[in-house]
Asks: 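Structure below; questions to follow.
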Amino acid sequence: MKATITDVKSEPDPNQDSLVFWGRRKKVSAPSGLLSLGFMLTCPLFVIFLYVCTWRFDSSIEETASTLVSYGLPGFFLKYTPSPTLKSIIGYTGWLVFQAVLYSVLPGKRVTAPPTPGGNTLVYRVNGLNSWIVTIIATVILAVTEALPLSSIADHWGGLVVAANAYGILATLFGWMKGHLVPSATKDRRFSGSLFHDLLSGIELNPRIGSNWDIKLYQIGRVGMNAWVLIDLSFAAMQYQKFGAVTSTMLVPIALHTIYTVDFFVNEDWYLSTIDICHDHFGFSLAWGPAAWLPMIYTCQTQYLASNPVELPYWCSAAIFAVGVAGYIMFRSSNHQKYLLRQSNNNCLIWGKKPIVIQSQYTTADSSTHSSLLLCSGWWGAVRHPNYVGDILFSLCTGLCAGFTHILPWAYFIFMTTLLVHRALRDEARCRAKHGVFWQEYCENVRWILIPYVF
Ligand code: NDP
């Protein structure tokens, strides 16, 4: 394969007529708008369903589903939806305020993200690691002084799940109104022609309060990511209270989630170049998702294990942990290779060798031309989305800790696999529209999307 340097402009692929410009969608149809509404109505109910299944039906999907059928949808949710207690509302509001304060005041380096489709260049203050450390220290102090026992989250889980859902929906409406009334960057807005699709996929790309306070990074990287391990720890405390011990199968997902979270914050500047920040607009998916979906689905294993401890030989838990770490190494090193290439402008070695690259050019909405690099070496020479493969392997290992008797603790693995396969296809379409002939050349050189000779 040879490196290509050419000055041909990237042209949108004519087959991609749904993409009028990379990162911008043409008007969506009325049925597609109604699907968006259906999705937004279903997701919160699904989260409540999973809560009810875990805590009222001993994680049995069959029993929960048959009860739903016999009560009917309204009857089921009226009977089983947990009440948002005053304590849970105060606790959840306190969490949001605490994270907002940490995000606003803690020091962090300033990082410039890649240009947006509208041609804007945004600067972020990256202080996620500091906020995670302060959050953990505060939790330990509260637990040790018995001001707030570690099991508090698990003890008030029902109320917190409802509060998180309500907040996620309010954040979605706020993002939609802000996009209409006080947008941060008019050129980085997207209107689909459907109210429901705008609510689901968002109007603004990077909504901000003032010029610096980034709502999307706060929502994903603080409200969501900072909650993950805390919730796990709380369910481990619950397991200890119920059974007098914490199983190795509980420790493995907590350790894996901790690695993922700490690494996410250590590499927060890398995160600013991902699809979440650079391409996905702030709608229901990124407003409600990190608030309500992440806490419920990403911790499904530890929630399950809190009431259903699974005992495995230590060597078995250690083996699952080792495979999870291997998946993580693939995830991290592939993400790092791509990041390194672009940050160093091709002044780097990948697996000890000068990388093979395709130099691409693309245009932004202001008609200016930018150049970019597509990596064809290392992990990126084997498949086109190696970072997704590592992530899926990682999530598989967190499911393995809960055994095979119930499907519920596999929710995270099922979700990640579905999300990342769908995302790979979505990203391919966008890259084809953005990089045009250069992406075509990359696909010719690296044939497989996720698994060589399979897909
Ligand atoms: P990527 O970090 O893979 O970003 C995709 C972008 O990278 C493309 O749009 C293109 O952007 C660029 N690109 C693609 N191929 C190449 C190449 N060969 N060389 C150089 N650049 C390339 O995807 P995501 O942002 O979706 O994910 C980032 C990580 O986050 C992944 O590891 C994923 O597994 C993880 N993730 C985790 C989630 C979770 O909830 N746990 C959810 C979603 C993602 P450009 O326009 O710049 O060319």
Side-chain angles (χ1 to χ4, degrees), residues 87-111 124-157 159-161 163-164 167 212-241 245-246 248 250-272 290-292 294-296 298-299 301-303 305-306 321 324-325 328 332 398:
K87 271 189 183 169
S88 58
I89 293 173
I90 293 174
Y92 192 74
T93 310
W95 167 253
L96 296 175
V97 172
F98 181 56
Q99 288 306 318
V101 170
L102 296 185
Y103 183 49
S104 308
V105 302
L106 289 178
K109 65 177 173 177
R110 288 165 68 79
V111 177
Y124 291 79
R125 185 151 52 102
V126 167
N127 61 6
L129 187 61
N130 289 338
S131 85
W132 191 80
I133 292 169
V134 173
T135 302
I136 292 294
I137 291 174
T139 307
V140 171
I141 292 173
L142 289 173
V144 169
T145 58
E146 293 180 7
L148 202 61
L150 197 53
S151 64
S152 301
I153 298 175
D155 296 337
H156 297 90
W157 190 229
L160 289 172
V161 167
Y167 164 70
N212 292 321
W213 212 90
D214 195 89
I215 297 173
K216 198 158 75 173
L217 187 60
Y218 165 71
Q219 192 75 350
I220 303 171
R222 304 298 181 272
V223 176
M225 288 302 282
N226 269 341
W228 195 1
V229 173
L230 285 193
I231 298 170
D232 283 339
L233 289 173
S234 191
F235 282 108
M238 182 185 253
Q239 190 191 55
Y240 184 78
Q241 279 175 0
V246 176
S248 63
M250 173 67 97
L251 295 176
V252 169
I254 296 179
L256 290 173
H257 295 165
T258 305
I259 292 172
Y260 200 107
T261 310
V262 171
D263 182 80
F264 172 87
F265 286 127
V266 167
N267 293 291
E268 200 171 13
D269 45 356
W270 152 79
Y271 182 63
L272 302 179
L294 186 155
M296 187 70 203
Y298 288 33
T299 63
Q301 325 81 1
T302 52
Q303 286 185 59
L305 291 165
F321 179 68
V325 170
Y328 198 77
R332 168 51 47 214
T398 64

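Computed over heavy atoms, backbone and side chain alike; hydrogens, waters and symmetry mates excluded.
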Asks: Between W228 (side chain only) and Y298 (backbone N and O only), is there a donor and an acceptor less than 3.5 Å apart?
Replies: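 Pair found, side chain donor or acceptor close to backbone of Y298.
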Asks: Return the CG to CG distance between N226 and L294, rounded to the nearest 0.5 Å.
Replies: 10.5 Å
Asks: Which pair of heavy atoms, one from A143 and one from L150, lies closest together, and at what distance?
Replies: CB-N, 4.2 Å
Asks: Using a 4.5 Å cut-off on heavy atoms from C-beta on, say whether the side chain of W132 contacts that of V266.
Replies: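 When only atoms from C-beta onward are counted, W132 and V266 do not touch, as no gap falls below 4.5 Å.
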Asks: Could you give the distance from CD1 (I254) to CG (L230), rounded to the nearest 0.5 Å?
Replies: 11.0 Å
Asks: Please round to the nearest 0.5 Å and tell me the distance separating atom CZ of F265 and atom OG of S131.
Replies: 5.0 Å
Asks: Could you please spell out the steps behind the side chain to side chain contact (heavy atoms under 4.5 Å, CB included) verdict for I89 and Y167?
Replies: CA-CA 10 Å; I89 293 173; Y167 164 70; over 6 Å; no
Asks: For the side chain of N127 and the backbone of L106, is there at least one donor-acceptor N/O pair under 3.5 Å apart?
Replies: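 Yes, the answer is positive, given that a donor and an acceptor are paired below the 3.5 Å cut-off.
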Asks: Calculate, to the nearest 0.5 Å, the distance between atoms CG and CZ belonging to N212 and R110 respectively.
Replies: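 Atom-to-atom, N212:CG and R110:CZ are 6.0 Å apart.
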Asks: Measuring from L233:CG to T258:OG1, what's the distance to the nearest 0.5 Å?
Replies: 6.5 Å
Asks: Under a 4.5 Å cut-off applied to non-hydrogen side-chain atoms, are V111 and Y271 in contact?
Replies: no
Asks: Check whether any side-chain N or O of D214 sits under 3.5 Å from a backbone N or O of L217 as a donor-acceptor pair, and report yes or no.
Replies: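 At least one qualifying donor-acceptor pair exists.
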Asks: Apply side chain to side chain contact (heavy atoms under 4.5 Å, CB included) to residues V134 and F98 and explain how you reach the verdict.
Replies: CA-CA 10 Å; V134 173; F98 181 56; 4.2 Å; yes
Asks: Does any N or O in the side chain of Q239 come within less than 3.5 Å of the main-chain N or O of L305, such that one atom is a donor and the other an acceptor?
Replies: yes
Asks: List in chain and number order the residues that pass side chain to side chain donor-acceptor pair (under 3.5 Å) with W157, two or more places apart in sequence or in another chain; answer none if no residue qualifies.
Replies: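 Here the qualifying residues are Q303.
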Asks: If I compare all heavy atoms of A291 with all of A164, which pair ends up nearest, and what's the gap?
Replies: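 Where A291 meets A164 most closely, the heavy atoms are O-CB, 3.4 Å.
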Asks: Give a yes or no answer on whether the side chain of S234 reaches the backbone of I231 with a donor-acceptor pair at less than 3.5 Å.
Replies: no
Asks: With rounding to the nearest 0.5 angstrom, report the OG1 to CE distance, T135 to M225.
Replies: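 The OG1 atom of T135 sits 12.5 Å away from the CE atom of M225.
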Asks: Taking atom OH of Y240 as the centre, does the number of heavy atoms from other residues, nucleotides or ligands within less than 6.0 Å exceed 12?
Replies: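 No, not enclosed.
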Asks: Would you say that L96 contacts Y218 through its side chain, given a criterion of any heavy-atom pair below 4.5 Å between the two side chains?
Replies: yes
Asks: With sequence neighbours excluded, tell me which residues meet side chain to side chain donor-acceptor pair (under 3.5 Å) with W95.
Replies: none
Asks: Could you report the tightest heavy-atom contact between S104 and R125, atom names first, then the distance?
Replies: O-NH2, 2.7 Å
Asks: Test: side-chain hydrogen bond (donor to acceptor under 3.5 Å, both in side chains). Region: residues 137-147. Which pairs qualify, not counting sequence neighbours?
Replies: none
Asks: Return the orientation label for the Y103 and W213 ring planes: parallel under 30°, perpendicular over 60°, tilted otherwise.
Replies: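 Perpendicular.
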Asks: Short question: side chain of Q301, backbone of T398 - any donor-acceptor pair under 3.5 Å?
Replies: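 Not confirmed, Q301 side chain does not pair with T398 backbone.
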Asks: Any idea which heavy atoms bring P149 and S152 closest together, and the distance?
Replies: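 The answer is O-OG, 2.5 Å.
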Asks: Ignoring hydrogens, what is the shortest heavy-atom contact between E268 and G128? Give both atom names and the distance.
Replies: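 Minimum heavy-atom separation between E268 and G128: OE1-N, 2.8 Å.
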Asks: Measure across T302 and F235 and return the closest heavy-atom pair with its distance rounded to 0.1 Å.
Replies: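 Here T302 and F235 meet closest at O-CB, 3.6 Å.
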Asks: Would you please name every residue forming a side chain to side chain donor-acceptor pair (under 3.5 Å) with R332, sequence neighbours left out?
Replies: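 D263.
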Asks: D269: what forms a salt bridge (charged side-chain N to carboxylate O under 4.0 Å, His left out) with it, not counting sequence neighbours?
Replies: K109
Asks: Name all residues meeting the salt bridge (charged side-chain N to carboxylate O under 4.0 Å, His left out) criterion together with D232; count only those two or more places apart in sequence or in a different chain, and write none if there are none.
Replies: none
